[in-house]
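What follows is a single structure, written as structure tokens, with notes after it.
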Amino acid sequence: MARTLLMGTQEACTAATGTAKSFTEAAVVRLFNSNSNPQLVTVVETQGGTVVGTFTIPALSVEFLEKKPSHCVFAASTDVLGAKVGFTG
């Protein structure tokens with residue numbers, strides 16, 4: 001069974017590309033949508049940079065996002081929380 005290795009402090013995603021976060025250059029980010037509605041999550045190459053991709057995180061759910069360490073993340077709502085993680089086991 002894989003376990004989550006916590007590598008950073010959980011913090012709210014920003015809601016704009018210019019302030020998108022790399023989560024301390026994380027390769028994996030644990031995202032939690034604390035909102036009762038689905039929210040769009042966007043990955044960009046750098047803050048304010050080209051969009052790599054988007055996905056919708058369901059309401060009240062957790063997703064593990066694998067990305068390049070230099071890539072940054074923002075969401076449609078600051079109700080989406082993220083933390084740098086890894087996996088063990």
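For clarity, every value in this text was computed on a predicted model and none was experimentally measured.
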Could you see if [X] belongs to whatever hydrophobic cluster contains [Y]? Use Ile, Leu, Val, Met, Phe, Trp, Tyr and a side-chain cutoff under 4.5 Å.
X: Val73; Y: Val52; value: yes
X: Phe32; Y: Phe64; value: yes
X: Val62; Y: Val80; value: no
X: Val51; Y: Phe74; value: yes
X: Phe87; Y: Val29; value: no

Could you tell me which non-hydrogen atom of Glu25 sits nearest to which non-hydrogen atom of Lys84, and how far apart they are? O-NZ, 4.3 Å
Identify the two heavy atoms, one from Leu6 and one from Ala83, that lie closest to each other, and give their separation to 0.1 Å. CD1-CB, 4.4 Å
Can Phe23 and Leu65 be said to form a side-chain contact (heavy atoms from CB on, under 4.5 Å), step by step? CA-CA 11 Å; Phe23 291 95; Leu65 172 66; over 6 Å; no
Would you say [X]'s side chain and [Y]'s backbone share a donor-acceptor pair under 3.5 angstrom?
X: Lys67; Y: Ser22; value: yes
X: Asp79; Y: Ser34; value: no
X: Gln47; Y: Ala20; value: yes
X: Thr14; Y: Thr19; value: yes

Audit row: Val41, Cys13, side-chain contact (heavy atoms from CB on, under 4.5 Å) steps and yes/no: CA-CA 9 Å; Val41 174; Cys13 287; over 6 Å; no
Gap separating the CG atom of Leu60 from the CG atom of Asn35, nearest 0.5 angstrom: 7.5 Å
